[in-house]
Amino acid sequence: MHTVTTIAEVRARVRLWREAGQRTVFVPTMGNLHAGHLSLIEAARAHGDHFIASIFVNPMQFGPNEDFAHYPRTPQRDEQMLRDAGCDLMFMPDVAEIYPHGSQRATRVEVPGLSSILCGEFRPGHFEGVTTVVAKLFHIVQPDAAVFGEKDFQQLTIIRRMVTELCMPIEIVAAPTVRDADGLALSSRNQYLSAEERAQAPIIYRTLQAASRRLSAGEEDYTGIERCGIDTLERAGLRPDYFAVRCAQDLSAPEPARHLVVLTAARLGKARLIDNLQVRR
Ligand code: PAF
């Protein structure tokens, strides 16, 4: 595996693969890799010949009171994990390489509507930061396919919309959420939990499962299901931002015959945890 830090080096390498008629699959990450990220690399295998992962903690997607400065950074460990996973190229740029005029003054990409609901309501500007950096990374890497985790379901939906609307010739591959044995979705932010909070956290998955069972059984009282989710999480000591039933395709209001998803974000101690479950009927 080669590790590079500049846009020019990425382009030079990808050009060689493209000239040889080989497909490139890209996995963007913020590093601090865990088994969830490795499952993205695993999912990438079925979609191309060469794999690139980026490690970049993107300042633009963090709000002023969020954890940008403290976000866990483990570059050496990440490099070894990507090498072991069979990645061909690791792109680890610094902030100036991605935002030469600073992230505040950068040209931005925004997907309106979808970016201001659910997590977007509680983290203003977050998804604009995500779509801006992902669009830039896509222009740098020019992959044939890119892999995103279903754990960040709203992010995945927004990126699909961006790719369609900006006519980017990139296949977006969704990889299933990886969970600990007790159901907690893997996330770098789980490290912020104390031992006691870690023991409480699986209530998120159990509450999503309970809502999903009611929807699978044909219940259509979506507001009642959402209220019950909020109550359950609050009773367990969490501070939910939202617990919502939506159409999985575009996060619009739920309708009986459609493929649904239940999404939640809840604060527990210093962590803000997100998770979701799709309901196929
Ligand atoms: O999901 C993430 O880790 C980030 O939002 C992403 C897609 C790498 C953009 O910074």
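Numbering of ligands and ligand atoms starts at 1, following listing order. All of these numbers come straight from a predicted model, not from anything done at the bench.
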Participant: Could you tell me if the side chain of Asp182 sits less than 4.5 Å from the side chain of Arg198, heavy atoms only?
Facilitator: yes
Participant: Under 4.0 Å from any heavy atom of Gln155, which atoms of ligand 1 are there?
Facilitator: 1 (O), 2 (C), 4 (C), 5 (O), 7 (C)
Participant: As an exercise, identify every atom of ligand 1 less than 4.0 angstrom from a heavy atom of Val133.
Facilitator: 9 (C), 10 (O)
Participant: Test of understanding: with side-chain hydrogen bond (donor to acceptor under 3.5 Å, both in side chains), list the residues that count as partners of Ser194, not counting sequence neighbours.
Facilitator: Glu197
Participant: Is Arg179 salt-bridged to Asp275, going by a charged N under 4.0 Å from an acidic O?
Facilitator: yes
Participant: Output all residues satisfying salt bridge (Lys or Arg N to Asp or Glu O under 4.0 Å) with Glu171, sequence neighbours left out; order by chain, then residue number.
Facilitator: Arg23
Participant: Where is the nearest protein heavy atom to atom 3 (O) of ligand 1: which residue, which atom, and how far?
Facilitator: Met30 CG, 3.7 Å
Participant: Any idea which atoms of ligand 1 are less than 4.0 Å away from a heavy-atom of Gln61?
Facilitator: 4 (C), 5 (O), 9 (C), 10 (O)
